[in-house]
Amino acid sequence: EHSGSVAEINLSLFSLLKKMEVEVYPIVFSTRSHGILNPISPSLNKLNYVVVLAKDGENELLLDATEKNLQPGDLPERAINGSGRLISEDTTYFVPLIPKNKDKILSMANISIESDNYQFKVQNKYSAYAYLDWLEDYQKAENKANYQSNLEESFGGLDIQDYDFSVDSVHFVCSESIAGSMNNMIDDFGDELIFQPLFFLDLQENPFKNPERKYPVDFVTLKSRQTIATITISDDFEIVSIPKSSRFTLPNNAADFKFYCNLNGENVQIQALMDVKKPIFTEVEYQDLRAYYALVTQKITNAIVLKKKIY
């Protein structure tokens, strides 16, 4: 019937792998909505979820057969909740519930600035947890036309003229292509043009607006955002200013951001890499995290200024 509880499905997986002589153990724990399992005095009442841990020498892999769109080694977000208790015939101990993969997006962009003609093409590659987020958004939209309309609205009236995507259901990756006119994204002051070359990224403002926080920030998973953009500028314009390159890192290398912007002939080349290397930041670390995101959004929203040539 292709149905069953989490315990039934994952314990069936456990039994199947054990018959295949794979070293496996059940891991029991509490889901995020059910509270944290106390490592000092764990309560049976808190146990409402089970997954499988497979071992091959020093290599370990968490497995959850209830989610068809997850890679081996990853867990659904509801199940990423601190630690779980490994159960075996002769021992029991806590195992950290750490996914193997990140929430990862790779973006490649080409922007063409010509006289009264401003075009863009962006290719996004969503992997692992970013793929799950994309899939959820697409399923809510129900079809390609609605999803394209939602994209245009989210970017403040962007004119998308071509949208397409392909899904690799084996490796859980979505490759997306967005192309169109960015005339509405250009500030034209007559003799000057000002525009944000990374307008297509989702960090246009700092998500942490409150000056203080009394509880931890939980991203659930690690995050990676890599962007490579090429802006081709015609001879009709003179480049007045471009964003400055910079790099900043949080204490203990908890997060890193690299931003490089260079002139290469008629092209402006931008590379940006945001890497959040741990999922939970305490309230003590909040001010550093807030300042980090302020710097990231400042760089992402930096503008290129052009001057129109007079012939």
TODO: Step by step, work out the side chain to side chain donor-acceptor pair (under 3.5 Å) result for Glu77 and Tyr129.
DONE: CA-CA 9 Å; Glu77 289 192 5; Tyr129 289 95; over 6 Å; no
Open item on the list: Could you check whether Arg290 pairs with Glu212 (Lys NZ or Arg NE/NH1/NH2 to Asp/Glu carboxylate O, under 4.0 Å)?
Closed with: no
Task: Pairwise ring pair (Phe, Tyr, Trp, His ring centres under 6.0 Å) hits with a residue in residues 49-89, at least two apart - done: Phe29-Tyr49
Task: Aromatic ring proximity, centroids under 6.0 angstrom, Phe165 and Tyr147 - done: no
TODO: Check ring-ring contact (aromatic ring centres under 6.0 Å, His included) between Tyr118 and all other residues, then give those that pass, not counting sequence neighbours.
DONE: none
- [ ] Taking the side chain as every heavy atom from C-beta outward, state whether Glu23 and Asp56 have any pair of such atoms under 4.5 Å apart.
- [x] no
Task: Pairing of Asp275 and Lys258 as salt bridge, 4.0 angstrom limit - done: no
Task: Set of side-chain hydrogen bond (donor to acceptor under 3.5 Å, both in side chains) partners for Tyr138, sequence neighbours left out - done: none
Task: N-O pairing of Asp74 and Lys100 below 4.0 Å - done: no
Open item on the list: Within the 4.5 Å heavy-atom criterion, are Lys308 and Phe189 side-chain neighbours or not?
Closed with: no
TODO: With sequence neighbours left out, write down each residue that passes side-chain hydrogen bond (donor to acceptor under 3.5 Å, both in side chains) with Glu136, or none if nothing qualifies.
DONE: Lys140
Open item on the list: With no hydrogens and no angle check, just 3.5 Å: does a side-chain donor-acceptor pair link Asp159 and Asn183?
Closed with: no
Task: Any donor-acceptor N/O pair, Asn252 side chain to Ala254 backbone, under 3.5 Å - done: no
Task: Exceeds 12 heavy-atom contacts within 6.0 angstrom, atom NZ of Lys121 - done: no
- [ ] Report yes or no: does His171 contribute a side-chain atom to a donor-acceptor pair with the main-chain N or O of Ala128 at less than 3.5 Å?
- [x] no
TODO: Take Phe120 and Phe199, measure what ring pair (Phe, Tyr, Trp, His ring centres under 6.0 Å) needs, and give me the verdict at the end.
DONE: CA-CA 10 Å; Phe120 75 93; Phe199 66 88; 5.5 Å; yes
Open item on the list: Salt bridge or not between Glu60 and Lys55? Use side-chain N to carboxylate O under 4.0 Å.
Closed with: yes
Task: Partners passing side-chain hydrogen bond (donor to acceptor under 3.5 Å, both in side chains) against Thr301 (at least two apart in sequence or in another chain) - done: none
Open item on the list: If the threshold is 4.0 Å, N to carboxylate O, is there a salt bridge linking Arg213 and Glu285?
Closed with: no
TODO: Would you indicate whether Lys104, at its atom NZ, is surrounded by more than 12 heavy atoms from other residues, nucleotides or ligands within a distance under 6.0 Å?
DONE: no
Task: Heavy atoms from other residues, nucleotides or ligands near CD of Glu205 exceed 12 (cutoff 6.0 Å) - done: no
TODO: Verify the neighbour count for atom NZ of Lys214: are there more than 12 heavy atoms of other residues, nucleotides or ligands below 6.0 Å?
DONE: no
Open item on the list: Going by ring pair (Phe, Tyr, Trp, His ring centres under 6.0 Å), name the pairs with one or both residues in residues 253-272, residues two or more places apart or in two chains.
Closed with: Phe248-Phe257
TODO: Give a yes or no on whether Lys307 atom NZ has more than 12 heavy-atom contacts from other residues, nucleotides or ligands under 6.0 Å away.
DONE: no
Open item on the list: Salt bridge or not between Arg32 and Asp218? Use side-chain N to carboxylate O under 4.0 Å.
Closed with: yes
Task: Donor + acceptor pair across side chains of Thr31, Asn81 (<3.5 Å) - done: no
